[in-house]
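Treat the numbers as computed from the prediction; the structure is a model and nothing was measured.
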Amino acid sequence: MSFPLLTATAALPAVGAILTAAVPAARRTAAKWLALLVSLATLALAVTVLVRFDPDGDRYQLTESRAWIADFGVRYELGVDGIGVALIGLTALLIPFIILAGWHDADPLETKSSRWRPTQGFFALILAVEAMVIISFEATDVFLFYIFFEAMLIPMYFLIGGFGDRAHAGSDENASAQRSYAAVKFLLYNLVGGLIMLAAVIGLYVVAGNFSLQEIAEARANGTLDMATNTERWLFLGFFFAFAVKAPLWPLHTWLPNAMGEATAPVAVLITAVVDKVGTFAMLRFCLGLFPEASKWATPAILVLALISIIYGALLAVGQRDIKRLVAYASISHFGFIVLGIFVMTSQGQSGATLYMVNHGISTAALMLVAGFLISRRGSRLIADYGGVQKVAPVLAGTFLIGGLATLSLPGLAPFVSEFLVLVGAFARYPVVGIIATVGIVLAALYTLVLYQRTMTGPVKPEVSAMPDLRVRELVVVAPLIALLIGLGVYPKPLTELVNPAVEHTMSDVQKKDPEPEVEAAK
């Protein structure tokens, strides 16, 4: 039997989490290095998956299938397409930077309420989330996916509530209460979505008799499985609701600003750049793959929700006074673009949405981690507490600017290609939708440049006059992300070649073709 590469890629961080948690309390530094080494080894396995994957080969590759709960038709089935490979690579790439950026975030504090912080637990929880996210991108059994889709909420709950941001205005008791509120809100929203999805998963089994994504698709193709219209629509809504919460999509988004605001900057990156991608990925793999007719039926309503997310998120980002909440609302706007690209049902839109998932992960990581370094120096998340930083910390200001420019999709940086493809796909089928979505680009320029102006330019405030520039560890975190933003912005071809065949399969699932261009006859 061939080496189970996909299992190993997910199992390694899971085993690493257990080993990291077991490191003696006095060996905090050893636990950090162990977690970092495990994340790098996982990255090496993810690169191996990428190298062995053939974009022009079968739809699902490196497949594994074993009996699990035979009486209920549940199997341990794994397989990856180009979209899954790209997101596994993103996850494995970001985790080492998240660990390095949070190197001191769980060190013991002097205050009584924070003495319980176990450093080992912080890094073990990050590795546990990585393992669950990776297997979610690999699972082709719906029930297996559901288990890890829900299980990742547990470590995320403790990362938000137990290891919150130390730069919190007010008393330590108030900070603890805010963290608890954010963690509980995150958990409740996602649990409700998960419970509704569980009902839909059970309904799918009643209709199809198994949970295998490939077997259900084959049964639909050869006519042996014919879902009633109303049944398919109800099942679609159950799945989509859970994924819209995770994504998050308006109006199910309100947990995200609280969670990102109260979490440490690395955990905020873990939320929006890694965990939330499971929601949009699942829309492509499960909503469109399992329920093609219902997906087309729901498209008009979903496009409206996506447009509201784009405009609403950007408008609220413009008015924010808190740096991290600004990035959170900007992410809601960006997720609106991703959902828009998925449901305009064009190859350009879906390719752009997939690229957007990857490029948004990199750009948000760059901006949020640099913002975290800034906040840790000043001890405040409020924009008004900064000014003139570029004069005392030019490297920090420069990397912050590049991260911000990537967020507004400046040409030459990676997110521009994604946003351009999404808009091209939208204009091809729904011109009015494309026009409205374009307003989000203007608002993104506004909130990004205003944020930079208020924090980095102008007179140097006394509180930042002695602020140090980026240190070596911080440069090691930021420099590769900036290089990727520039590299993928100038030459996105490797990524597009990876995801385009998978997008073609998805378009085939929903039996959609790109609209023919309207060319006016020459006179």
Side-chain angles (χ1 to χ4, degrees), residues 1-22 34-53 60-69 74-99 123-156 158-159 194 211-214 246 270-271 273-282 284-286 357-358 361 498 502:
M1 185 171 61
S2 61
F3 179 71
L5 182 58
L6 296 185
T7 295
T9 306
L12 180 58
V15 173
I18 296 171
L19 295 176
T20 302
L34 175 61
L36 179 60
L37 291 174
V38 169
S39 68
L40 291 172
T42 304
L43 176 59
L45 286 177
V47 171
T48 305
V49 171
L50 177 62
V51 170
R52 291 187 57 184
F53 182 81
Y60 295 107
Q61 300 178 33
L62 305 174
T63 56
E64 302 174 29
S65 181
R66 298 176 181 82
W68 187 18
I69 311 175
V74 180
R75 297 186 62 82
Y76 178 81
E77 284 191 349
L78 305 180
V80 287
D81 59 4
I83 299 170
V85 169
L87 292 175
I88 290 169
L90 172 70
T91 302
L93 173 72
L94 291 182
I95 295 299
F97 298 125
I98 288 171
I99 290 173
F123 293 100
L125 290 169
I126 291 175
L127 291 176
V129 172
E130 179 182 23
M132 294 175 187
V133 169
I134 288 176
I135 202 166
S136 297
F137 293 140
E138 297 173 344
T140 56
D141 182 277
V142 177
F143 192 80
L144 178 67
F145 168 83
Y146 173 78
I147 288 175
F148 290 99
F149 179 81
E150 286 293 278
M152 68 180 71
L153 301 180
I154 299 171
M156 285 307 309
F158 288 108
L159 283 170
F211 295 104
S212 172
L213 183 65
Q214 298 181 72
K246 184 83 77 179
L270 188 64
I271 295 169
V274 177
V275 172
D276 288 354
K277 298 301 187 298
V278 178
T280 46
F281 164 80
L284 277 167
R285 172 168 284 190
F286 296 103
M357 290 186 230
V358 176
L498 179 65

(message) With a 4.5 Å cut-off on side-chain heavy atoms, are D141 and Y76 touching?
(response) no
(message) For the backbone of S212 and the side chain of E77, can you confirm whether one donor and one acceptor N or O come within less than 3.5 Å of each other?
(response) no
(message) Under the side chain to side chain contact (heavy atoms under 4.5 Å, CB included) test against P155, which residue among V275, L127, V129, I126 passes?
(response) V129
(message) Just verifying a value: how many Å separate L125 CG and F158 CZ, rounded to the nearest 0.5 Å?
(response) 8.0 Å
(request) Say whether, by atom type as modelled, one donor and one acceptor occur between the side chain of K246 and the main chain of A282 under 3.5 angstrom. (result) no
(request) Decide yes or no for L498 and L50: does some side-chain heavy atom of the first lie under 4.5 Å from some side-chain heavy atom of the second? (result) yes
(message) Surrounding CZ of F143 (heavy atoms of other residues, nucleotides or ligands, distance under 6.0 Å), is the total greater than 12?
(response) no
(request) Among F145, F149, F137, find the residue that satisfies the ring-ring contact (aromatic ring centres under 6.0 Å, His included) test when tested with F281. (result) F137
(request) Calculate, to the nearest 0.5 Å, the distance between atoms CD1 and CE belonging to I147 and M132 respectively. (result) 11.0 Å
(message) Using a 3.5 Å distance criterion without hydrogens, assess whether the side chain of T20 forms a donor-acceptor pair with backbone atoms of A17.
(response) no
Check: residues 81-98 side-chain donor-acceptor pairs under 3.5 Å, at least two apart:
| residue | atom | partner | partner atom | Å |
| --- | --- | --- | --- | --- |
| D81 | OD1 | I83 | N | 3.3 |
| D81 | OD1 | G84 | N | 2.8 |
| D81 | OD1 | R285 | NH2 | 3.4 |
| T91 | OG1 | L87 | O | 2.9 |

(message) Whether the side chain of E130 engages the backbone of S39 through a donor-acceptor N/O pair (distance < 3.5 Å, no angle test) should be reported.
(response) no
